[in-house]
Amino acid sequence: MEHPENSESYKGLVVNAGIEQPSSVNPHLSRPKKRNLSVDDYVEGIVKGDTTILSRAVTLVESTRPEHEIIAQQVIEKCLPYSHNSIRIGISGVPGAGKSTSIDVFGLHVLEKYGGKLAVLAIDPSSERTKGSILGDKTRMEKLAVHPNSFIRPSPSAGSLGGVARKTRETIILCEAAGFDKIFVETVGVGQSETAVHSMVDFFLFIQLAGTGDELQGIKRGIMEMADGIVINKADGDNVERARLAAAQFRSALHFFPPSESGWTPQVLTYSGFYGLGIKEVWDMVYDYIAFVKANGYFQRNRREQSKYQMYESINESLRNSFYQNPTIEAMLADEERKVLKGKHTSFVAAQNLLVKYFGTIK
Ligand code: GDP
């Protein structure tokens, strides 16, 4: 039977036309469209020290879009002759060690004492998973964030650690070309990312805490081989004694390690970022180191070695991306993985199958 609502005469469902609504877009709001900049515009702006243009260039560097990458590479290439006049300091510590508190205070100290300009960058391996960065956030460094001679940039969040590290290295070049002669690269103390930061800085500072068992962990994780300075934070109140004890433990542990290539003996100091105690001593140590390695030639030699290392890292990164993003490989990968898990193929055979297939696709 025909439903009454379908009848021509049934008007119950007729929707009356309402009154016309205004546009949801405010017609008075005319946000100026960002002008597209040419490579030369970027370079000119960066070299002049324009931080807005610098920020935009860093965004290009961080972009995964191929057209952005092309411009970014040209900008970096042209900025290269203007960079290098800097000191680069890696700062690492587990979450809660006091990195942000310390960097805020350290940054103000070096700007006040040595002048110049400071850029704070970050490598945050957790951002790969969470797509959000916990490091380098401006709100964590309140005083430094409003300092006219500072530039704070959170960790790039896309891609593998290798990719993120490359972007940070490129950002260092841009910052240096923009006149930032002090670069801090912050990282969370969790293994791999420290190695990446170590490969791009002149001095590696490890922030440790007393009485957390970190003394031993630090030794285990190979921190001692990388550290040029170990600083025990929160040496304030009734923690002073424990901090001193931790420092003594680190110092004695250092005796078991072979002398570093730089000829420098890593120093262990205590300080309090929160109360601003011992900050000068930490930075006197860093500057003593820089003078020492500049005098013995290690500074320049290390930077050249780092460039070479970075070249190989870039090659590895590109090869890896090319392999895993290859459509044929993408289609085969899950199946080969299943075969390995079921014991049908050994891992070597599976890898070989994939590689042979991959090399067959490139001409
Ligand atoms: P991050 O996670 O390494 O960046 O550490 P934060 O800088 O956020 O510090 C973690 C906590 O430790 C915060 O509650 C700080 O206030 C506190 N803190 C940082 N430095 C000191 C210090 O020198 N002394 C004391 N007592 N607390 C500190």
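Just so you know, ligand 1 is whichever comes first in the structure, and atom 1 is the first atom listed for that ligand. All values below were derived from every heavy atom in this structure, side-chain atoms included, with hydrogens, water molecules and symmetry-related copies excluded. In this chain, numbering begins with 1 at the start of the sequence shown.
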Heavy-atom gap Gly96 to ligand 1 smaller than 4.0 Å
yes
So if I count the atoms of ligand 1 from 1 in the order they appear, which ones are less than 4.0 Å from some heavy atom of Val94?
3 (O)
Indicate yes or no: does an N/O atom of Asp236 lie under 3.5 Å from an N/O atom of ligand 1?
yes
Asp236 side chain to Ser272 main-chain N or O, any donor-acceptor pair under 3.5 Å?
no
Kindly determine whether Glu62 and Arg153 satisfy salt bridge (charged side-chain N to carboxylate O under 4.0 Å, His left out), including the steps that lead there.
CA-CA 11 Å; Glu62 290 173 357; Arg153 186 82 187 188; 3.2 Å; yes
Look at the aromatic rings of Trp283 and Phe184 and report parallel, tilted or perpendicular, splitting at 30° and 60°.
parallel
What is the ring orientation for Phe204 with His198, classed by angle as parallel under 30°, tilted 30 to 60°, or perpendicular over 60°?
parallel
When you look at OH of Tyr82, are more than 12 heavy atoms from neighbouring residues, nucleotides or ligands closer to it than 6.0 Å?
no
Ser272: numbered ligand 1 atoms lying under 4.0 Å from its heavy atoms
22 (C), 23 (O), 24 (N)
ILVMFWY cluster, Tyr309 and Ile172 together (side-chain gap under 4.5 Å):
no
Which option out of Glu186, Lys234, Lys99, Met141 puts a heavy atom nearest to atom 1 (P) of ligand 1?
Lys99
Please state whether Ile207 comes within less than 4.0 angstrom of ligand 1, counting heavy atoms only.
no
Below 4.0 angstrom, N of the basic side chain to O of the carboxylate: do Arg320 and Glu317 qualify?
yes
Please indicate whether any nitrogen or oxygen in Tyr275 is less than 3.5 Å from any nitrogen or oxygen in ligand 1.
no
Could you tell me, atom by atom, which parts of ligand 1 come under 4.0 Å of a heavy atom of Gly273?
23 (O)
Within a distance under 4.0 Å of any heavy atom of Pro95, pick out the atoms of ligand 1 and give their elements.
2 (O)
Going by the order shown, which atoms of ligand 1 are within less than 4.0 Å of some heavy atom of Ala97?
3 (O)
